[in-house]
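Below is one structure, written out as structure tokens, with a few remarks after it.
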Protein chains: 2
Amino acid sequence: MTRVQAGLTREGIVEAALHIVDGQGLRRLTMRRLGDALGVEAMAVYHHFPRGKDQLLDAMIEHVAAPPRPPAEGDWEQRLRTWAQAYRVKLLEHAGALPLLFTRPVPEAVAFPSLEGRLAAFTEAGLDEEAILDAAHALAAYVLGHVILEVQAEAPGQPPTPPPDGRHPHLARLRPRETARTWDGRFTAGLDAVLPTR
Amino acid sequence: MTRVQAGLTREGIVEAALHIVDGQGLRRLTMRRLGDALGVEAMAVYHHFPRGKDQLLDAMIEHVAAPPRPPAEGDWEQRLRTWAQAYRVKLLEHAGALPLLFTRPVPEAVAFPSLEGRLAAFTEAGLDEEAILDAAHALAAYVLGHVILEVQAEAPGQPPTPPPDGRHPHLARLRPRETARTWDGRFTAGLDAVLPTR
DNA sequence: TGATCGTACTTTACTATGTAAAGGCGGTGG
DNA sequence: CCACCGCCTTTACATAGTAAAGTACGATCA
């Protein structure tokens, strides 16, 4: 039996793991399944992630939720809008892995380059120091929260709800418009509110 | 052996489960541990949640993430601020259960009374129909996203990061102010941005 | 060339977990 | 007194993470 070096790498393992999560959900990401996907025994992964599955999940969230850097071109508002849209898209690419966001923080070192760019943009907007920090926080929170709502809505398993009746007049009035609204439209409209007015 | 009726109820089971999650984390919520906490065998839970752990988790998120109803008193802005603060506090009470937010939506029927109240407030603010929906979405997203950030920051295990250096001048300048900012202060400041200007 | 050794994997084995299936026990209505 | 039902227990099994020890391959050095 010629034993071939499988040539595992941390990156390759993380990508295979994300592929499983995307296709079958976090629940079904197991060391054995991951090994199978890589053509290797489960325990082989421990050579690259000695702390086991926990460390693997750390690496996954770092890959999935690392905020991108804002573009260098454009005025501050355009750069922030582009950043927000890019981060939203990136997060949605691996929606199945996002529960990890509540479990483990993205390492600061990974977030810093992105944050620096956002702070620069808000500085250009002419805000004072406190306002810069608050605006950056509001924007990041909005993007993350939007993604929660979009993921929830896109997921299956929402039991059909009886249409809002007389006890919920506002809801009843607005419901058709609400179901017609795209997630993209909602996201952009929310950005208008969250970004400082010029 | 006198076998005593344990008198389990769905509510009691959910509360015991949340108690375990609060104290030991989602990972350590197991059917056996839950049984022990209730003075019962693991399988007893299945009588009340026939679909098993999955159904239990559904019930937990419904309990933890059901948005409160805005107060009836006060002007629209005050009601929305109070609502946002209350929801934030409620979510943080069971931060350990929040990863479930990405897995399962809060049933619409549970969210409707709260949403109705928020829509009423935004209507009072004088927005047109589309703007009402967008503002409600932005507010909800902001609260949820803020909670992600607050939970992440409050959790242990953030590896100590070298202070930002010359490559991150804005970060370096703003860092002291950032670490001094309270989460409450940040949250409130973000609300100012997200709520429509009168 | 052959001995030595570290790296990258495999084997084996153990404990924990979710849950199907079937069993038992006490109370209730006939 | 008996049959039934609601609530819980017992038993059993497939699957999970992972510790510990084993094995093969290539590089390094004598």
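A, B, ... follow the sequence lines: proteins, then strands. Residue 1 opens every chain.
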>> What is the distance, to the nearest angstrom, from the CD1 atom on B/Ile20 to the C1' atom on C/dT17?
In response: 14 Å

>> Under 4.0 Å, heavy atoms only, any strand: does A/Arg27 hit a base, just the sugar-phosphate, or nothing?
In response: nothing

> When you measure from every atom of DNA chain D, which of residues 39-57 of chain A have a heavy atom less than 4.0 Å away?
Replying inline: A/Met43, A/Tyr46, A/Gly52, A/Lys53

> Please give, in whole Å, the distance from D/dT15 P to A/Gln24 CD?
Replying inline: 14 Å

>> On a heavy-atom basis, which atom in A/Glu11 and which in A/His63 lie closest, and how many Å separate them?
In response: OE1-CE1, 3.7 Å

>> Applying a 4.0 Å non-hydrogen cut-off, can you work out what B/Leu38 is touching in the nucleic acid: base, sugar-phosphate, or nothing?
In response: nothing

> Is NZ or CZ of A/Arg79 both nearer than 6.0 Å to the six-membered ring centre of A/Trp76 and within 45° of the ring axis?
Replying inline: no

>> If we ignore hydrogens and angles and just use 3.5 Å, is the side chain of B/Lys90 paired with the main-chain N or O of B/Ala66 as donor and acceptor?
In response: yes

>> Does a side-chain N or O of A/Arg33 approach OP1 or OP2 of D/dA16 to a distance below 4.0 Å, or not?
In response: yes

>> Categorize A/Arg28 for me: base, sugar-phosphate, or nothing, with a 4.0 angstrom heavy-atom threshold over every strand shown.
In response: nothing

> Taking the side chain of A/Arg32 as its heavy atoms from C-beta onward, which of D/dC8, D/dG17, D/dA12 lies nearest to it?
Replying inline: D/dG17

> Can you tell which of C/dT19, C/dC9, D/dG17 lies closest to the side chain of B/Met31?
Replying inline: C/dT19

>> Over 60° means perpendicular and under 30° means parallel, so tell me whether A/Phe187 and A/Tyr142 are parallel, tilted or perpendicular.
In response: parallel

>> Strictly distance-based, threshold 3.5 Å: is any side-chain N or O of B/Arg33 a donor or acceptor partner for the main-chain N or O of B/Arg28?
In response: yes

> How would you list, by chain and number, every residue that makes a side chain to side chain contact (heavy atoms under 4.5 Å, CB included) with B/Leu115, sequence neighbours excluded?
Replying inline: A/Leu171, B/Arg118, B/Leu119

